[in-house]
Amino acid sequence: MKNSYAVVDLETTNANWHDNGRIIQFGCAIIEDGKITKVYNQKINPQVPIPGRITALTKLSDKDVADSPIFEDVAPDIFKILKNRVFIAHNVNFDLTFLNRELKRIGMNELNVKAIDTVELSQILFPTISSYKLQDLTHYLSIEHDNPHRADSDALVTAKLFLVINKRLQQLPVPTLELLARLGKSTLRETNLVFKNVLAKVANSNTVLPDYLYEKNGLVLRKKDFHITETLNSGQKYPDTKEKKKKLLDGILDYRKNQSKLMDNIYQTSQHRNKQKKWNLIEAPTGAGKTLGYLLPLSYLINGKQKLVIATTTKVLQQQIAEQAIPLLNQVTGNSHHAEIVKSSYNFIDLDRFFESIDNYKLHSHTAILKMKIIVWLTMTTTGDLSELHLTNYNSPLFTIIRHRGALKTKTLFSEDDFWLYQQNRYEESMILVTNQSYLSRNIDSTIWGENSYLVVDEANHLSDSLRNVASPTVDFLRLNEYVRKISDILYQNRVTLRYAFTEVTTQLWNYQDLQDMEAHFQVIDELMQRIEYNIFDNYVKNEVSFKDREQFVSIIDSEQKFGKDNLELVELISDLIVELTLVVNRIDTLFDQYNFQKNFISIELSKIISNLIIENSKLHGELGNLDKLLQSLHVPSDEFGVQIEMRDYYEPNSLKLSWRQFDIHDQVEATNDRFSQIFAVGAAITVQKDFSYFIMNLQLSQNQINQMVILPDTNNMSKNSKIYLPDQISDIQSLSSEEYYEMVTHYIVEILNDMDHQTMILFNSLNTLSHVYDRLMSTTIKEKWEILAQGVSGSNEKIKKRFAIGQRSVLLGANSFWEGVDFPNKTLEILIVTRIPFESPEQSDVKIRQDILHEQKLDVFKVDTLPKAILQLRQGLGRLVRNPEDKGVILLLDNRILTKNYGKEILDSLPKGLPVVNESMDLIKKDINEFLN
C-alpha cells in the first residue's frame with residue numbers, strides 16, 4: 001500500500017523474549033497519505049504471570065487480560081494489518097523482532113516488511129534534546145500523551161511524532177537533505193527511506209534558503225553575528241537605598257535584606273579599591289540570592305575593558321549563571337547584558353575537519369548517525385559548541401577528529417566560518433565572562449579577561465583545589481608507550497598505502513625516507529623511556545618495597561620532596577623525551593593538514609589510516625602536555641609538593657605512573673591577584689564556626705592581600721524549616737564491611753522511599769559507593785515506583801538535574817558536584833539523605849600528600865584539615881534543601897558518629913543554630929517527616 005504506514009507499540013511481560021517474554025497489548029496507528037486514519041488496541045492474555053513492575057508501568061494486571069484472547073487467536077489479524085505496510089516503531093528492533101519471534105513461536109511466517117525507527121529519526125532531526133524517550137519527546141514537541149506505556153496511546157503518539165518528523169524534514173534545506181540521504185544507508189533497517197522520500201519530494205523545488213542560513217561547500221550553516229550587541233543605559237545609577245532597590249525589584253523579586261547588604265558591600269568596596277588588599281571574603285548563606293547580589297552592583301561598574309569575570313566550579317553552575325541569573329539581571333535593570341561562558345577550543349567543532357569526515361572516517365555504524373545529527377545541528381547552532389548536542393558521552397573517535405585544536409585558520413575551506421575565531425571575538429567583546437576556576441588559572445595571561453577587571457570566585461571553597469589541580473599532572477608511561485607504539489604500527493603496517501598515496505602528488509608528502517626518520521624517532525623514544533623508568537625505579541622504588549609485596553600493585557607516596565632532588569640525569573632524560581615526542585606529534589599533525597588539502601587520492605582505506613593516526617596523536621598530545629608540566633616542576637623545585645609512584649608490580653618498571661601533587665599555590669594566587677583589580681571570594685560555606693582561618697590557610701593567602709571578611713546572617717530560619725534525623729538503631733559504619741555498608745544504606749533508602757511521596761536526593765562521598773547502592777536499588781521494587789537518576793549512570797549531570805527538576809516521583813543519587821551549587825525550584829527537593837559524614841579518604845594520594853605536608857609543619861591534621869573540610873562539605877549539602885524562608889526540608893543522616901564521637905559536637909556547632917537533631921526509630925522518624933513536610 002503506497003504511503004501506508006503501520007506504527008506499532010507492544011507491551012510485554014518481559015523485555016527479553018527468551019526470558020518468558022510475551023505480548024500483553026498490541027497497539028497500532030495507521031498512517032495513510034500523511035494522516036492517521038485508524039488506531040488498533042488489542043489486549044492479549046500472555047498465559048504467563050505479569051510481573052508487578054510491568055503492572056506498575058502499564059497499569060495492566062493479570063486480571064485485566066484474563067478474558068482477552070491469546071496470541072494465537074489474534075496473530076492472523078495482526079499479520080493482515082501489517083503485511084503490506086511499512087512498519088514504524090520507537091525502537092523498531094525491539095517491537096518488530098519481538099513480534100516476529102512470537103509469530104515464529106506459534107508456527108506462522110515472520111513479517112517480511114520494511115521498517116523505520118523513530119528513535120534514530122528523532123536523534124538526527126532534534127539533535128539538541130537530552131533524552132529520546134517517547135515521553136520526553138512528546139513533552140518537548142507538545143504532543144498530547146494521555147496514557148504513557150499503554151500500547152494504543154504509545155502507538156498513536158509515535159505516529160504523531162513520525163508526522164512531525166516528516167514535516168521537520170521537509171523544512172530542511174535541500175543540500176542538508178542530500179547529505180542525510182547519502183549517509184542514511186547506515187541507519188537501522190529501512191529508516192533511510194524517510195530521507196529519500198522527502199528528498200525526492202522537494203529535490204526539484206527551487207527553494208531559496210531563509211535569510212538566517214547560508215550554504216558553504218555543501219554544508220548549510222546558520223549565520224552568526226560576530227559582534228555582541230548590548231543595550232546599556234549609561235545614565236543609570238546604582239540603587240543605594242532600600243527604597244530604590246525595592247522599586248527596582250518591584251514585581252520581579254522580593255526585597256531581601258541579606259541580598260541588599262551584599263550588593264551594597266560589593267558596590268562600596270569597588271568604589272574604594274585598595275591596590276594592595278584586593279581579596280574580599282564573603283560568606284553568603286544558601287538562598288541569600290548571592291548571584292544577583294554580586295551581579296547587580298558590578299553591572300554598574302563594568303565597561304569594554306574593565307570586565308566582570310565569574311569563576312565557578314561546574315558546568316551546571318556556569319549554565320545557571322548564563323541562562324538564569326543574567327536574564328534576571330536584565331529584567332531587573334532593563335539592560336541587555338550578555339554573558340559568555342569561556343571554554344577551551346576543544347569544546348567546539350572544527351568545520352574543516354568535520355567536512356573532511358563526512359565522506360571519510362567511516363569508523364563505526366553509529367558514527368554515521370552522529371554525522372547526520374551534526375549536519376542538522378549546523379543549521380541550528382551559532383556557537384559550534386559540541387555540548388549543545390547533550391550526548392551522554394563524547395568518546396566516539398569522531399569527536400577526537402572534529403574537535404577544534406585552537407589554531408588560527410587561514411585560507412581553509414571554512415576559515416571565514418570558523419567557530420573558534422567567532423568565539424574568541426565574542427570573549428574579547430563580552431563584558432561578563434563566566435568560566436571554570438581551573439581554566440582561568442591555566443589561561444590567566446589571556447587578553448580576554450580585560451584590564452583591571454573584577455573577579456568573582458563563586459563557590460570559593462574550591463579555589464585552592466582548582467589551583468592545585470592545574471599544577472598537578474599525571475604521567476602514565478605505560479599509556480604513553482602504547483600511544484607511541486600504535487602510531488609506529490599504523491605507519492609501518494600501512495607504509496605501502498601511505499607511500500603510494502602521497503608520492504602521487506607533487507608535494508611528495510610522505511616517502512620511504514619519512515618512514516625511516518620516524519622509525520629512528522620511535523627507537524630513541526623507546527630507549528629514553530626505558531632509561532627514565534629505570535632511573536625512577538632505581539632511585540625511588542627499588543629499596544622502598546618489601547620482598548613480600550613485590551608480586552602486587554606498587555604505590556609509593558613521597559611527600560618528603562625527595563623525588564627528582566639532585567637528579568640531573570632524570571631532568572635531562574625527560575627533556576630529551578619531550579623533544580622527540582614533539583617531533584612525532586608535529587609530523588603527524590602536518591601529515592593530517594596536508595592530507596586535508598589533497599582531493600585526488602582520498603579513499604576509504606587511506607581515510608581510516610589517517611583517522612586512526614589522528615586519534616592516537618591526540619592522546620599523545622595530552623601526555624606530552626603532562627610531561628612538560630612535570631619537567632617544569634622539576635626545574636623549579638618547591639618545598640611543598642608530593643609524588644605518587646605506581647606500578648603494576650615491582651618487576652614491571654614499564655608500567656610506571658607518576659602523579660605529581662603541588663601543595664604550594666602561592667604563585668597561582670599571586671598571578672590571580674596581579675591580574676584583577678578586585679577579587680570577591682563568595683560562597684555559602686567558607687567559614688568553620690564563623691572563622692575564615694581554614695579558608696585563608698588552604699588558599700595560602702597572606703593577611704596583606706585581604707581587604708575584608710564578611711559573614712551575612714542566615715535568614716532562612718533553618719532551625720524552624722529543617723530537621724536532621726538519625727535512626728537510633730543504625731550500625732556504626734566503621735564496623736561494617738563494604739558489602740554490609742552498601743546493604744545498610746540501601747535498606748534505609750528503601751524504607752524512606754516506600755513510605756514517602758517527596759522528591760529525594762541522596763548524597764554519597766564516592767561514585768564507587770553510589771554505583772553499588774544504585775545496583776542494589778535497581779533490584780528492588782523501588783524502581784517501579786520511582787524514577788531513579790544516578791550520577792555517572794543516567795547521563796550528564798546537567799541532564800540528570802533537568803530530569804529531576806521536572807520529575808514527580810524522582811530520586812537522585814549524586815556525589816561530587818551535587819553536594820553544592822545545584823538549585824532546585826520550590827518543593828522539587830524536600831528530603832536529603834546524607835549517607836555519611838563527608839570525610840575525605842586518607843588513602844587518596846592528593847589527600848595524603850596534603851596532610852603529610854601539614855603534619856611536617858607540626859599542625860594537627862585532623863583539626864586543621866580533615867574536620868574543617870568535612871564540615872564545609874556537609875554544610876554545602878544541607879544548603880540544597882532550604883533556599884528561601886518558605887521552603888521546608890529534612891535530612892536523614894546515616895552516620896551516628898555525629899553523636900558518638902568527640903568531634904560530633906564541633907560539627908553540630910558549625911551547622912545553623914538551633915537545627916533539631918532527632919535520634920529515634922525509623923517508624924517515628926517516618927511519621928515525623930510526613931507531619932513536618934505535610
Side-chain angles (χ1 to χ4, degrees), residues 86 88 91-93 114-129 132 162 165-203 207 209 213 215-222 349-381 384 386 388-391 394-403 413-414 417 596 599 602-612 614-615:
V86 176
I88 299 176
N91 189 4
V92 73
N93 274 351
K114 291 176 179 177
I116 291 168
D117 184 47
T118 53
V119 173
E120 271 194 353
L121 285 173
S122 300
Q123 288 172 338
I124 295 163
L125 272 296
F126 310 113
T128 59
I129 301 180
Y132 295 95
F162 180 69
I165 287 168
N166 257 289
K167 188 175 179 182
R168 168 79 177 114
L169 268 170
Q170 289 172 37
Q171 294 167 343
L172 287 177
V174 172
T176 302
L177 280 171
E178 287 171 344
L179 285 173
L180 295 179
R182 203 162 89 207
L183 293 167
K185 55 182 175 287
S186 295
T187 54
L188 280 174
R189 297 184 181 259
E190 288 75 34
T191 300
N192 197 33
L193 275 175
V194 183
F195 300 109
K196 287 182 174 178
N197 289 346
V198 173
L199 181 60
K201 190 175 181 180
V202 302
T207 310
L209 287 176
L213 295 176
E215 184 185 351
K216 189 75 167 285
N217 301 312
L219 280 181
V220 176
L221 307 169
R222 203 174 189 92
I349 189 170
D350 183 321
L351 283 173
D352 287 295
R353 286 172 176 264
F354 177 68
F355 182 72
E356 289 303 322
S357 81
I358 292 173
D359 290 319
N360 303 320
Y361 313 131
K362 297 170 184 176
L363 304 160
H364 307 284
S365 57
H366 68 261
T367 304
I369 309 300
L370 270 176
K371 289 177 187 176
M372 295 171 79
K373 191 180 176 94
I374 291 169
I375 285 164
V376 174
W377 172 63
L378 287 174
T379 68
M380 302 162 64
T381 185
L386 291 164
E388 290 176 1
L389 296 171
H390 293 300
L391 298 176
Y394 287 81
N395 293 331
S396 165
L398 178 68
F399 288 112
T400 305
I401 292 164
I402 68 172
R403 288 184 187 277
L413 288 175
F414 293 93
D417 316 272
N596 272 347
K599 297 294 174 192
I602 287 181
S603 68
I604 291 175
E605 185 184 6
L606 186 61
S607 150
K608 285 182 177 177
I609 295 167
I610 298 293
S611 66
N612 287 332
I614 290 303
I615 289 164

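The first residue in the sequence is number 1, and the count goes up from there. Computed over heavy atoms, backbone and side chain alike; hydrogens, waters and symmetry mates excluded. Everything numeric here is computed off the predicted structure, so don't read it as measured data.
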S.K.: If you define the side chain from C-beta out and look only at heavy atoms, does anything of N93 sit under 4.5 Å from D117?
M.R.: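 In short, these two side chains do not touch, never coming nearer than 4.5 Å.
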S.K.: When you measure from the side chain of D352 to the backbone N and O of L413, does any donor-acceptor pair fall under 3.5 Å?
M.R.: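 Present.
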S.K.: On a heavy-atom basis, which atom in G218 and which in P175 lie closest, and how many Å separate them?
M.R.: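 Heavy-atom minimum between the residues: O-CB, 3.9 Å.
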S.K.: Without swapping roles, check the side chain of E190 against the backbone of A115 for a donor-acceptor pair under 3.5 Å.
M.R.: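 It does hold such a pair.
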S.K.: Taking all non-hydrogen atoms of both residues into account, name the closest pair between L172 and L177 and its distance.
M.R.: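 Smallest interatomic distance, heavy atoms only, reads O-CD1, 3.9 Å.
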S.K.: I'd like to know if the side chain of R222 and the backbone of L213 have a donor-acceptor N/O pair within less than 3.5 Å.
M.R.: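 Such a contact is absent between R222 side chain and L213 backbone.
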S.K.: Do T367 and P397 make a side-chain contact, defined as non-hydrogen atoms from C-beta onward lying under 4.5 Å apart?
M.R.: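 T367 vs P397: side chains apart.
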S.K.: Kindly indicate whether the side chain of L183, heavy atoms from C-beta on, has any atom under 4.5 Å from the side chain of I375.
M.R.: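 Yes, at least one pair of side-chain atoms sits under 4.5 Å.
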S.K.: Within the distance-only criterion (no hydrogens, no angle test), does the side chain of N192 pair as donor or acceptor with the backbone N or O of T187 below 3.5 angstrom?
M.R.: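 Looks like no, no N/O pair under 3.5 Å.
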S.K.: When rounded to the nearest 0.5 angstrom, what distance separates CD in E215 from OG1 in T379?
M.R.: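 Reported to 0.5 Å precision, the distance equals 13.0 Å.
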S.K.: Residues in salt bridge (charged side-chain N to carboxylate O under 4.0 Å, His left out) with D350, at least two apart?
M.R.: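 With neighbours one apart ignored, the set is R353, K409.
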S.K.: L386 and R403: side-chain contact (heavy atoms from CB on, under 4.5 Å), yes or no, with the steps?
M.R.: CA-CA 8 Å; L386 291 164; R403 288 184 187 277; 4.0 Å; yes
S.K.: Any luck finding a side-chain donor-acceptor pair between E120 and T191 under 3.5 Å?
M.R.: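 There is no such pair between these side chains.
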S.K.: For the CZ atom of F354 and the CG atom of L219, what is their distance to the nearest 0.5 Å?
M.R.: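 Taking CZ in F354 and CG in L219, the distance rounds to 6.5 Å.
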S.K.: Go through the steps for T118 and Y132 under the test side-chain contact (heavy atoms from CB on, under 4.5 Å), then give the verdict.
M.R.: CA-CA 9 Å; T118 53; Y132 295 95; over 6 Å; no
S.K.: Would you compute the distance between atom CG of L180 and atom CG of L199 and round it to the nearest 0.5 angstrom?
M.R.: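 Taking CG in L180 and CG in L199, the distance rounds to 9.0 Å.
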S.K.: Drop me the distance from L221's CG to L209's CG, to the nearest 0.5 angstrom.
M.R.: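 So the gap between those two atoms works out to 10.5 Å.
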S.K.: Listed by chain and number, what are the side-chain contact (heavy atoms from CB on, under 4.5 Å) partners of R182, not counting sequence neighbours?
M.R.: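 R182: side-chain contact (heavy atoms from CB on, under 4.5 Å) contacts with L179, I358, D359.
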S.K.: What do the steps show when you test L370 against L391 for side-chain contact (heavy atoms from CB on, under 4.5 Å), and what is the final call?
M.R.: CA-CA 10 Å; L370 270 176; L391 298 176; 3.8 Å; yes
S.K.: Could you pull out all residues at least two apart from K216 that satisfy salt bridge (charged side-chain N to carboxylate O under 4.0 Å, His left out)?
M.R.: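 Testing K216 for salt bridge (charged side-chain N to carboxylate O under 4.0 Å, His left out), a comparison that skips the adjacent residues, returns D417.
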S.K.: Can you check side-chain contact (heavy atoms from CB on, under 4.5 Å) on L378 and I374, steps first, answer last?
M.R.: CA-CA 6 Å; L378 287 174; I374 291 169; 4.2 Å; yes
S.K.: Can you tell me how far apart CD1 (I124) and CE (M372) are? Round to the nearest 0.5 Å.
M.R.: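 Here the interatomic distance stands at 3.5 Å.
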S.K.: Measuring from H390:NE2 to F126:CZ, what's the distance to the nearest 0.5 Å?
M.R.: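 Here the interatomic distance stands at 15.0 Å.
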S.K.: Distance-only, no hydrogens or angles: does the T381 side chain make a donor-acceptor pair with backbone N or O of W377 under 3.5 Å?
M.R.: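 No, T381 side chain to W377 backbone: no donor-acceptor pair under 3.5 Å.
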S.K.: Do V174 and V202 have side chains that get closer than 4.5 Å, going by heavy atoms?
M.R.: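 Side chain of V174 against side chain of V202, heavy atoms only: contact under 4.5 Å found.
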